2 protein chains.
Amino acid sequence: MKRVKKKAFSDFIARKGLKTTRQRDTILDFFLASDRHMSIEELYLKVRAKHPNIGYATVYRTLKLFAEAGLAREIQFGDGQTRYEHVNEGEHHDHLVCTHCGTIVEFENPVIEKLQDEVATSHGFLIETHKMEIYGLCPKCH
Amino acid sequence: MKRVKKKAFSDFIARKGLKTTRQRDTILDFFLASDRHMSIEELYLKVRAKHPNIGYATVYRTLKLFAEAGLAREIQFGDGQTRYEHVNEGEHHDHLVCTHCGTIVEFENPVIEKLQDEVATSHGFLIETHKMEIYGLCPKCH
DNA sequence: AGAACATTGAAAGTGATATTCATAAACATC
DNA sequence: GATGTTTATGAATATCACTTTCAATGTTCT
Ligand SMILES: [Mn+2]
Ligand SMILES: [Mn+2]
Ligand SMILES: [Zn+2]
Ligand SMILES: [Zn+2]
């Protein structure tokens, strides 16, 4: 999986005429080893602990690249921080978010997905993406 | 409807020991007459056109009050602006958002709502709110 | 009216994201 | 492996959308 993603990223780099750098390699390693929903700041702090010379701006720009390359997706859970989640080929999921401890649980529900498509169609919309988040208290928090 | 909401707001004002002001009355009038999903800036510009002496901060604070009073709800469509939508007693809806022209269509789907509850329950979550938005091209844009 | 308290608007502050720019690094070519 | 061209980096700065401060003003109660 990690190998596949590293390959996908270097292909992207090559295709775009960009350059391989130590920083990008390092940040990709940390991203692939990270929680599935990391803010820029969180990832930056992890990276910086081992590589104090890598700057915030580089982490910021590299995460954008990951998104562009299809390895990551930006998500917003309404806490004012943009997070980047891992993207796996052909997979889609939505989220349960604990409003108390921040725990995030991923789920898939094909029936809901299908109904969403029907709603869009019935209003004449050509669907591109959707977002669905359920906020509440996780089992540990109630 | 407008009468009911004005009453609800003045009740809220009284209950909280706040004060009725010309600005609040004006902003409420403009809010009630506005699109169902307005950003602070948009409403401020509308208000300012007729009342150049009302400041941004007052519009900002008054919209927060409307939300607290249950007349409005903050929503985020990912364009970096907080919007305030009208709230009607006992009503819930989700949104279709056109990524090209910004058109917003509201819809209700009880089956999806029910399935969301089931998902939450099956993961042991005590549901508080949820958000569901479908992004795509509206009929006019494709 | 006078006292007590809330509101207002301009300006300043905040926090996250985005950009600038001089320097450094990558890499195609010699 | 040195050279030249292009891209990347990181510190600093800018931006953007709020959010708060504070002195002046307005509202409400007695
Ligand atoms: Mn996820
Ligand atoms: Mn709505
Ligand atoms: Zn929790
Ligand atoms: Zn449209």
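First the proteins, then the strands, lettered A, B, ... as listed; each starts at 1. Quantities reported herein were computed from a predicted structural model and do not represent experimental measurements.
Its side chain within the 4.5 Å cluster rule, V97(B) clusters with I75(B), F77(B), I104(B), Y135(B) among the Ile, Leu, Val, Met, Phe, Trp and Tyr residues. Chaining together hydrophobic side chains whose heavy atoms lie under 4.5 Å apart leaves V4(A) on its own.
Listed by chain and residue number, nothing satisfies the ring-ring contact (aromatic ring centres under 6.0 Å, His included) test with F125(B) (two or more places apart in sequence, or in another chain). With sequence neighbours left out, K19(A) forms a side-chain hydrogen bond (donor to acceptor under 3.5 Å, both in side chains) with no residue at all. Annotation: ring-ring contact (aromatic ring centres under 6.0 Å, His included) contacts of Y60(A) (sequence neighbours excluded): none. Applying the side-chain hydrogen bond (donor to acceptor under 3.5 Å, both in side chains) rule to K131(B) yields no partners; only residues at least two apart in sequence or on another chain are considered. In this view, F31(B) and F66(B), H86(B) satisfy the ring-ring contact (aromatic ring centres under 6.0 Å, His included) rule, not counting sequence neighbours.
Heavy-atom minimum distance, T103(A) versus C101(A): OG1-SG, 3.0 Å.
Regarding Y60(B), its OH atom lies at a distance of 19 Å from the P atom of dC16(D), rounded to whole Å.
For residues 20-29 of chain B, the pairs satisfying side chain to side chain donor-acceptor pair (under 3.5 Å) are K6(B)-D29(B), with sequence neighbours left out. Applying the salt bridge (Lys or Arg N to Asp or Glu O under 4.0 Å) rule to pairs touching residues 39-49 of chain B yields E42(B)-R83(B), sequence neighbours excluded.
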Report summary line: In 5'-to-3' order, the base (B), backbone-only (S) or no-contact (-) status of each nucleotide in nucleotides 1-14 of chain D, using a 4.0 angstrom heavy-atom cut-off, is -----BSSBBB---
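Between dT19(D) and K64(B), a contact under 4.0 Å exists linking OP1 or OP2 to a side-chain N or O.
Residue contacts shown for K16(B) are absent, as no nucleic acid heavy atom lies under 4.0 Å away.
Interface residues of residues 77-84 of chain B facing DNA chain C, ordered by number: none; criterion, heavy-atom separation under 4.0 Å.
A nucleotide of DNA chain C counts as in contact with chain B when one of its atoms lies under 4.0 Å from a heavy atom; the first and last such, 5' to 3', are dC5(C) to dA10(C).
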